[in-house]
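For reference, the structure discussed in these notes is given below.
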Number of protein chains: 2
Amino acid sequence: MKTIADIAKIAGVAKSTVSRYLNGGSVSEETKKKIELVIEETGYSPNAFAQSLKAKKTNIIGTIIPRLDSYATSRTLMGIDERLRELNYHMLVSNTDQDLTREIENIYTLAKQKVAGIILLATEVTDAHLKAFQEIDIPVLLVGQQHDNVYSLVHDDETAGYAIGKYIAQRGHKKIAFLGVSEYDVAVGLKRKKGFAQAVSEHAVDVEARFFETTFSMSDAAERAGQLFDEFSPSAVVCATDNLAIGAMKAAYQKKLHVPTDVSITGFGGYEVTAMMNPSLTTVHIHFTEAGHTAASHIAKLVKGEDVPKLTYSRFDLILRESVDIRTDHLL
Amino acid sequence: MKTIADIAKIAGVAKSTVSRYLNGGSVSEETKKKIELVIEETGYSPNAFAQSLKAKKTNIIGTIIPRLDSYATSRTLMGIDERLRELNYHMLVSNTDQDLTREIENIYTLAKQKVAGIILLATEVTDAHLKAFQEIDIPVLLVGQQHDNVYSLVHDDETAGYAIGKYIAQRGHKKIAFLGVSEYDVAVGLKRKKGFAQAVSEHAVDVEARFFETTFSMSDAAERAGQLFDEFSPSAVVCATDNLAIGAMKAAYQKKLHVPTDVSITGFGGYEVTAMMNPSLTTVHIHFTEAGHTAASHIAKLVKGEDVPKLTYSRFDLILRESVDIRTDHLL
DNA sequence: GCTGGTTAAGGAACCGGTTCCACAAAAGAA
DNA sequence: TTCTTTTGTGGAACCGGTTCCTTAACCAGC
């Protein structure tokens, strides 16, 4: 492997000149030609460490994720990776397995590795997080959660929750179950629920809405939904993620409830598989990949010292499919 | 941030001594104590670049994947990341979007970044791959595909294909469709099909097996399966991945074919969602996460110059669920 | 023709570690 | 006691870049 000194020697110049050539300093046309030729011939490419040693920074963006086995995460990562490649960065992935302690640890480890920036697919922002962000002195971008002190990219969960709540309410449902997750996850657990509740209160009268909680796991959701059908027998179940909705559909099937005639079910996310289900699932499609693109662009700008909006919203669409029915019972 | 020189000065020794202390050279008990204390107090941790500059190597393992939006990939990555963390390595992920050119490019780019080793979730091994492996002089581990010249970890697709073929054949099916993917993907496209075909020929008589091809996409699979039902009307459809099976189930539903009484369907992979479908899907569960663990352990050993088996098989289980029925038509 | 400003290029120091070498002191062998 | 051998330590070079400082050359203006 050739070094900058080799190139300099072959081209008959000093290594500082080669360095200047590479980094756009003032070099005469003549010398430029010479150096260019040598680099071409030798296939020289600078050693990233030596550069980083001096610059105290890499071209690596660290991405911290709570879990890898999630559609939302995968898609977001795809988007991030795609855009980062274009911008000449690399993506270092660190999975925390939903362990908050490990999340904090990872922030420091990545900082030690001198990544240029950190994208955090967060579920919660604690004081420990804020402390870490301050200490490391590296740009951080939050995705999926919002905090005033940090650059954030969120999926506008509240508005999306409102949209689906309104849709269900307008379809005449009067007994609606909301199957969600812990409010510790502000975006998924709190905001979606809040938007939904708001919509229902505004767009329907005489509605009984009940709120149930489970984990992110399909099978837990199926179990919880099973109980919920017995306890409450709703005409619609609004789920906080598509996985929960898949679980709920399973439960309905096991209880011999037909979807959508006996019970309507909606999801949240827009996972590919929701189109394939029987019946296909009405859901909110969140543009995760696009959000990933934006996240990558933003962190790159932050790294370069440019400014980006403190808070950005990603897009969503309501996807209307077969799993929701209109209820006219109350009109009889 | 403190440097080794600072530590040396504070402890009143030479930096070479501190370096020796850190790397296990000969240092007296007394000096050890002194240095230990200073490091403790200052929270010193060595600069990774300076180390890498000299060592010409990082503690980063590059992982090249064809796509991120796949259950198999996610799970494998989870396993890899989990084990790598334990072994004190980091995982750098590079997505190629199933573009072979980009795969080759990535190998060189990672090599330039001086990753310690490369794990390649391969779909195909071309001469360009082999050439790249040779040139970069970095340990490479292939996952999912096998090649004699490279360390490989494969999912024993042929045996698994055989297992499911045998199972279907023994259930009395006589018209069996195999819905697969291009043979360019040796593991998924070729081996699974081959194992299946072998089993059918050994365990059934008077069988008509037909082979159909589609892409990895659920919706393409649904479309292809729809045609296949018209052309061939099989009593069983064996699919090369769970996603294809999900598509096939959708198609069956659209054609008003009941699963499993009209047609049996099987998958391959063991994705979580297959348990949630109606009916639940009979499939082969491949232990992707476990395979990821093994892959990480192996690449770490290779990096350290230790030896591992040239070829390792990961485990699989047949998961019997509701989507397969017994056929007794031919006994009438 | 002399002074001053601009541009191109070389030399050396520096980033923060590791490692080789030399040397002194302590330990073991003769 | 004297002569190796071992052990611990410091100093310096090195890894491969970047950047600051100097100097030389060139051109313009007075």
Side-chain angles (χ1 to χ4, degrees), chain A residues 1-39 42-60 88 109 111-116 137-138 303-304, chain B residues 1-39 42-60 88 109 111-116 137-138 303-304:
Chain A
M1 201 81 259
K2 293 259 178 288
T3 74
I4 199 171
D6 297 330
I7 304 303
K9 204 189 295 172
I10 301 176
V13 299
K15 35 182 244 181
S16 48
T17 307
V18 179
S19 176
R20 238 175 289 123
Y21 164 81
L22 291 168
N23 298 294
S26 77
V27 182
S28 71
E29 277 309 314
E30 199 185 348
T31 0
K32 256 182 200 163
K33 286 261 160 55
K34 278 194 292 186
I35 299 176
E36 193 175 352
L37 196 71
V38 176
I39 290 184
T42 54
Y44 165 78
S45 96
N47 178 316
F49 305 136
Q51 292 183 311
S52 303
L53 178 56
K54 192 77 192 187
K56 298 170 187 292
K57 199 204 264 184
T58 56
N59 66 339
I60 295 178
N88 239 310
T109 314
K112 229 187 78 182
Q113 293 262 328
K114 303 276 192 302
V115 296
D137 193 35
I138 288 177
V303 165
K304 288 187 209 130
Chain B
M1 200 83 254
K2 293 258 177 286
T3 73
I4 199 171
D6 298 329
I7 305 303
K9 204 189 295 172
I10 300 175
V13 299
K15 30 181 249 182
S16 48
T17 306
V18 179
S19 175
R20 240 176 286 124
Y21 164 82
L22 291 167
N23 298 294
S26 79
V27 182
S28 71
E29 277 308 316
E30 198 185 349
T31 357
K32 256 184 201 161
K33 286 262 161 54
K34 276 194 292 184
I35 299 177
E36 194 174 353
L37 196 71
V38 176
I39 290 185
T42 55
Y44 166 77
S45 97
N47 178 317
F49 305 136
Q51 291 183 313
S52 303
L53 178 57
K54 193 77 191 184
K56 296 169 189 295
K57 200 204 261 179
T58 56
N59 66 338
I60 295 178
N88 239 310
T109 313
K112 229 188 77 183
Q113 293 262 328
K114 303 277 191 304
V115 298
D137 193 35
I138 288 177
V303 165
K304 288 187 209 132

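These numbers were taken from a predicted model, which means no experiment stands behind them. Below, chain A is the first sequence line, B the second, and so on; all start at residue 1.
Between the CD atom in B/Glu30 and the NZ atom in B/Lys32 there is a gap of 12.5 Å [rounded to 0.5 Å]. B/Leu53 CG to A/Lys54 NZ: the interatomic distance, rounded to the nearest 0.5 Å, is 12.5 Å.
Among the atoms of the strands shown, only primed sugar atoms or phosphate atoms (P, OP1, OP2) are found under 4.0 Å from some heavy atom of A/Thr31. Base contact: B/Ser26 has a heavy atom under 4.0 Å from a base atom.
In B/Lys2, the NZ atom is not crowded: 12 or fewer heavy atoms of neighbouring residues, nucleotides or ligands sit closer than 6.0 Å. Counting heavy atoms of neighbouring residues, nucleotides and ligands inside a 6.0 Å radius, atom NZ of A/Lys304 exceeds 12 of them.
At the phosphate of D/dT9, OP1 or OP2 sits under 4.0 Å from a side-chain N or O atom of B/Ser28.
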Going 5' to 3' along nucleotides 12-26 of chain D, which nucleotides have protein heavy atoms under 4.0 Å from the base (write B), which only from the sugar-phosphate (write S), and which from neither (write -)? --BBBBBB-------
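In this entry the distance linking CD of B/Glu29 with C1' of C/dA26 reads 16 Å, nearest Å. For B/Glu30 and C/dA26, the CD to P distance is 12 Å, given to the nearest whole Å.
Just one of A/Ile4, A/Thr3, A/Ile7 meets the side-chain contact (heavy atoms from CB on, under 4.5 Å) condition when paired with A/Lys15; it is A/Ile4.
Judged purely by atom type and a 3.5 angstrom limit, B/Ser52 uses its side chain to pair as donor or acceptor with the backbone of B/Ala48.
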